[in-house]
Amino acid sequence: MRRRWDAARVAVVLMAILVAGAARAEVEEPTPRSDLAIPDAARPGPGFDVESATQAYLATLGDADRARSDAYFEGGYWLPLVGLLYDLAVVALLLELGISRRLRDLGERAVRWRFVQSTIYGAALVVVAAVLELPLAFWVGFVREHAYGLSNLTAGAWAVVQVKGLGASLVLAPPAVAVVHAVVRRRAGRWWIPATATAMVFLVIGLVITPVFLAPVFNDYRPLRPGPVRDAIVSMVRANGIDAEDVYWFDASKQTKRISANVSGALGTTRISLNDNLLREASLPEIEAVVGHELGHDVLHHIGKMVLQLALLMAAGFAVSQHVYARLLRWRGLRWGLRDGGDIAGLPLVALLISAWFVVMTPALNTIVRTAESEADLFGLNAAREPHAFASVAVKLASYRKLAPTALEEAIFYDHPSGVPRVRMAMTWFREHPDAGAGGTRASPP
Ligand SMILES: [Zn+2]
């Protein structure tokens with residue numbers, strides 16, 4: 001009885017922190033820079049050459065900045081593997097010390113209804129896993145980001161983000177765990193098909209609610225204020241058949257120095273969000289180039305297509321995991337206190353197997369995403385007609401993504417094209433449209 005009280009109190013405190021965090025502070029929308037520098041070798045003229053223009057853009061990144069960006073990005077190659085080994089240690093602790101089994105028993109003692117038992121187990125696991133994963137999360141999300149000058153968070157603010165994340169996980173994950181468990185429990189030996197179907201349903205629900213309920217927990221999202229930036233974007237948005245209301249900006253600089261923008265949502269909640277670092281550090285043509293890219297994701301239905309591609313990868317992952325899990329269960333299930341294939345206490349092990357699958361599938365997953373990103377780049381060039389601005393942004397993104405990798409590095413580790421193919425694509429487009437962009441005539445309506 002006392003235990004349940006404690007859980008309720010923790011929940012109330014977490015909700016209070018979430019509500020406090022959602023209180024809106026007034027912030028001013030940043031104004032874009034007015035300059036867009038074009039290297040001499042990239043200017044239009046009879047001697048224009050795509051390769052020379054591309055190299056001229058790449059050379060605008062200083063040696064020190066380039067070395068730092070290379071080191072940061074190359075260090076990131078190891079993170080999935082480090083994360084997986086860390087997870088392996090966490091899961092070993094949960095199973096070998098009988099923690100997972102005890103969390104299951106806790107739920108079973110508290111209530112009789114299976115669904116609620118699974119929910120309690122899910123909530124307890126979320127908390128225990130968050131605590132055990134904290135050291136790695138701190139190193140990756142705070143120490144490493146600060147070491148490369150990419151984070152704006154104080155340690156206290158970082159902790160608040162973690163608590164908010166934990167709160168959101170506590171609201172969303174336990175019911176999802178309970179539903180998945182209810183679906184797969186009776187199919188102890190053959191659960192990969194129902195597990196994939198249920199996971200995809202939750203993925204779509206997650207996509208739909210993210211911009212409306214989840215993203216606002218961490219940042220303030222506001223419609224762009226009336227003015228030249230909004231006018232230019234709304235014009236592009238209208239020209240490409242998208243609802244003009246759905247463009248927002250948000251205060252990402254609270255957390256990070258990165259410039260970025262994204263398309264989020266699905267089934268009616270789709271929107272484009274620009275981060276304030278982009279609004280502050282880019283010129284209007286650069287913002288248009290970025291928005292053109294984001295419009296491409298929307299018009300080309302990338303979210304829907306990626307969900308389907310992910311479903312195939314996930315189905316294969318669940319099938320492999322089901323097979324390996326059955327063997328592990330025979331090997332050591334008794335020692336871990338797992339009763340059968342449908343025992344929820346085995347969840348950490350299943351989750352570990354799925355993560356391992358996706359680490360192995362990193363090149364496939366990255367190539368799926370990178371291909372869509374490249375399509376969006378081309379769409380953006382045609383929509384914004386700002387090849388120089390696009391090239392300039394591609395170089396700016398090198399603050400956190402290695403500018404010029406080898407072909408193999410790009411194939412394995414890049415979920416976006418690197419700077420080189422992006423700048424080359426822009427300069428190739430410019431060669432065929434020498435009048436467009438940066439002082440030339442723009443083909444947008446007045
Ligand atoms: Zn993109």
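Ligands are counted one by one from 1 in listed order, and the atoms in each one are counted from 1 as well. Residues take their numbers from the sequence shown, with the count starting at 1.
None of the N, O or S atoms belonging to H302 lies under 2.8 Å away from the Zn ion (ligand 1). At least one N/O/S atom of E373, whether from backbone or side chain, sits less than 2.8 Å from the Zn ion (ligand 1). Distances from the Zn ion (ligand 1) show that H297 has an N/O/S atom below 2.8 Å.
The aromatic rings of W158 and F138 stand perpendicular to each other, their planes meeting at an angle above 60°, with 30° marking the opposite boundary. Classification of the H388-Y57 ring pair by plane angle, with boundaries at 30° and 60°, yields tilted.
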Y325 vs F318, ring-ring contact (aromatic ring centres under 6.0 Å, His included): CA-CA, chis, key distance, verdict: CA-CA 10 Å; Y325 182 68; F318 277 130; over 10 Å; no

Criterion ring-ring contact (aromatic ring centres under 6.0 Å, His included) on F430 and F48, from CA distance to verdict: CA-CA 10 Å; F430 180 57; F48 181 83; 5.3 Å; yes

